[in-house]
Amino acid sequence: MVAAMDTDSSDLFGALFAAPAVTRVVPVLVPLPVPVPYSYAVPEGMHVVPGSIVQVPVGPRQVIGVVWDGENDGKLDPKKLRPITIAFDCPPLAKEMRDFVDWVAAYTLSPPGLVARMAIRAPAALEPEPMVEGLRYLGGQPERLTPARIKVLELAGEQDVPWTRSGLAHAANVSLSVIDGLTAQGIFDTVFLAPPPVVAKPDPDYVEPRLEGPQKDAAVEIVGSVKNGAFEASLIDGVTGSGKTEVYFEAVAEALRQGRQVLILLPEIALTPAFLERFESRFGAKPAEWHSDLSPRMREKVWRGVVTGEVRVVAGARSALFLPFEELGLIIVDEEHDPAYKQEDRVFYNARDMAVVRSRIGDFPIVLVSATPSVESQVNGLAGRYNIVHLPTRFGDAALPDLHLVDMRRHPPERGGFLSPLLLRGMKRAIEKGEQALLFLNRRGYAPLTLCRVCGHRFQCPQCSSWLVEHRFKSQIQCHQCGYHQPTPEACPECGTLDHLVACGPGVERIAEEVEKHFPEARTIVMSSDLLGGVKRMRLELEAIAKGEVDIVIGTQLVAKGHNFPLMTLVGIVDADLGLSNGDPRAAERTFQLLSQVTGRAGRTGLKSHGLIQTFQPLHPVMQAIVSGDSTAFYEREIAEREKAILPPFGRLASLIVSADTRAEAETHARGLRAAAPRVTGISVLGPAEAPLALVRGRHRFRLLVHGRRNSDMQAFLRAMVSQGPKPKSSVQIQLDVDPQSFL
DNA sequence: AGCACGCCGACT
DNA sequence: GTCGGCGTGCTC
């Protein structure tokens, strides 16, 4: 129609017999859980290429999608296709990024549209940043001069650079109307300025790095990898305090010199002001941040900066991996072993593994970093897939703490207590010297189990069957699994007896009580995620600890990371065995990692420091690895155990693992099983088992996941599936596993 | 993912 | 008699 109207009416013949304008049809990935792209018509005059970000209609609404690769299959009548609404003025997703999205979608068995959505999740960032209005001083005088006007003119005359309206008003300390008045008289004219950059450009040569000994060698090695530029995965394995960050900063510097962008992945919790400042003091500017509680405005700016290449370095949590960098040339994955890299909703992925894939597709190096590498990465290192770079000693004058096991069978605490005399003595000594002690217990609340002494009733969660944990500070009993909570009852709900409820086992609050009994004078603080006052209070408390305003810190998990406490010279692990016996196939590994991190908090600034580890199993490989400082034997054993058990590590879901020699075979059978699954409550999701474990045995694995509240239900469901599903071929193995409720 | 349609329980 | 629960199905 449009073509006919454009044609000169006298050329009727041409209008009637010219080949009809062919509507171009392109595939578009839409953010829906569908397995293929949808087809849309490209309106005349619109220009799109694969990777273009567009708005398209889906049913009654408009969604953001990405023009994808491939031809339309021709099954749909092009005339009936709906047209693309908007093609955004925004650089298209590069081919590498599209390949990455396809790969992740195929690997995680997720709808590609949902994976693509992770890359374009920055709502209003799709149009260029609006220009900023600026005022340029043209010279000349207004008709009447007032003191306010004189101040403005003086300032504006000083330099020949444009001012913003509000900036000038603020600088001259006058109101906006003064500026407007002068503008109206033609003293200023309006110009449009490019929006200011989100962050300053980091300078790779801002300071001369000071590296020593093994750090230098390590830096040379990974800088070489960056210079080479091709895909190579390195694993920096260095004890806490060995200066790993300084070493990988040199790789970052080299990538910057090569004109490439850099992504530093960190677990969310490690994205602290302290880290950003450390970066700034090396590069003269902060990296752009990317994490879940970024303001929408900032999110847009950073996203835009990343696609246009204005932002050179992003430090971000796992979702930063899907940012569409213009010329990414290096990824760092710090705290590589951290379980926070796993995403377990919608698209299931481990950002660490997908980061390796992204660098392989983009053909640039990647550096994984950890003091306590995951078993998978160790395996990959041993197999030669990763280049292991060791940093065996601490940096500068910081010495590793002197670690000792406290055999709780030989040094029992007094009745009703949990701290052995050895630990109490150590604490006393530290406090007397004006130093600090950290007691670590990975259990929030007062006591993990409450029961009635009269009838034996145990407080259990009505929603998910785990024990309710008493929280004395909040006067609540809580379920740590599903969040259920109620006020602490005074009477037993079973037998009605008053005041006969008894707390079993320790939580941090109970340890605090015990500490206050022994050290009534000491300034004691409990640090746990349910600390009243939120993140802000947490920051303040951490600062107070660093300044020495606290003598004894009692903390859960969250004291394990970040923040250096210069005066912390004693670390006591209250219950090192906690978490070893919960049946989690990763229990030993996690415990080793956690205990290493916690004990690593001590002795960061040269003061002689100690760690006392309370355990009932001093001969356990984890304890031996911790005190000896030699983890080789521990890792060897872990790898062997996993090979023997063929166990996958995963979180909070029941799963059925199907493994086979080829991917296709495993996938086919897994799909068959899913099809045969009884349609009961609980949704089954098909997903591959964790890659690195598949690498351990060279087999391909898939797993069927079942979400549920109670483990027993999920287990029953999976058993039913196995019995009703298709018979596996000889090379296909099926295992059933239910994740124990992890202590995390 | 959203959103509509559609069929069975407790209520202004 | 309705309001509303979420099971099922569809979107180029």
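Residue numbers begin at 1 in each chain, while the letters A, B, ... track the order of the sequences. Just the heavy atoms: all of them, side chains too, but no hydrogens, waters or symmetry mates, feed the values below.
Regarding A:Ile120, its CD1 atom lies at a distance of 13 Å from the C1' atom of B:dA1, rounded to whole Å. If you take CD of A:Gln62 and C1' of C:dT11, they are 13 Å apart, rounded to a whole angstrom. If you measure from atom OH of A:Tyr40 to atom P of C:dC12, you get 5 Å, rounded to the nearest angstrom. Rounded to an integer number of Å, the gap from CZ of A:Arg117 to C1' of B:dG2 is 11 Å. Nucleotide B:dG2 holds its P atom 9 Å from the CG atom of A:Leu114, rounded to whole Å. Remark: P of C:dG9 and CG of A:Leu32 are 17 Å apart, rounded to the nearest angstrom. Rounded to an integer number of Å, the gap from CD1 of A:Ile64 to C1' of B:dG2 is 15 Å.
With sequence neighbours left out, the ring-ring contact (aromatic ring centres under 6.0 Å, His included) criterion links A:Phe322 to A:Phe100, A:Tyr349. Every residue meeting the side-chain hydrogen bond (donor to acceptor under 3.5 Å, both in side chains) condition with A:Glu589, not counting sequence neighbours, appears here in chain and number order: A:Arg586, A:Gln593, A:Arg642. In terms of the side-chain hydrogen bond (donor to acceptor under 3.5 Å, both in side chains) criterion, residue partners of A:Asp99 (sequence neighbours excluded) are, by chain and number, A:Lys95. For A:Glu310, the side-chain contact (heavy atoms from CB on, under 4.5 Å) partners are A:Pro197, A:Val198, A:Lys201, A:Thr308, not counting sequence neighbours. Partners of A:Phe459 according to the ring-ring contact (aromatic ring centres under 6.0 Å, His included) rule, which considers only residues two or more places apart in sequence or in another chain, are A:His457.
Nucleic acid contact for A:Pro57: sugar-phosphate only, since backbone atoms but no base atoms lie under 4.0 Å from a heavy atom of the residue.
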So which protein N/O to nucleotides 3-5 of chain B N/O distances come out below 3.5 Å?
none

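Between A:Arg312 and A:Glu327 there is a salt bridge, with a side-chain nitrogen of the basic residue lying less than 4.0 Å from a carboxylate oxygen of the acidic one.
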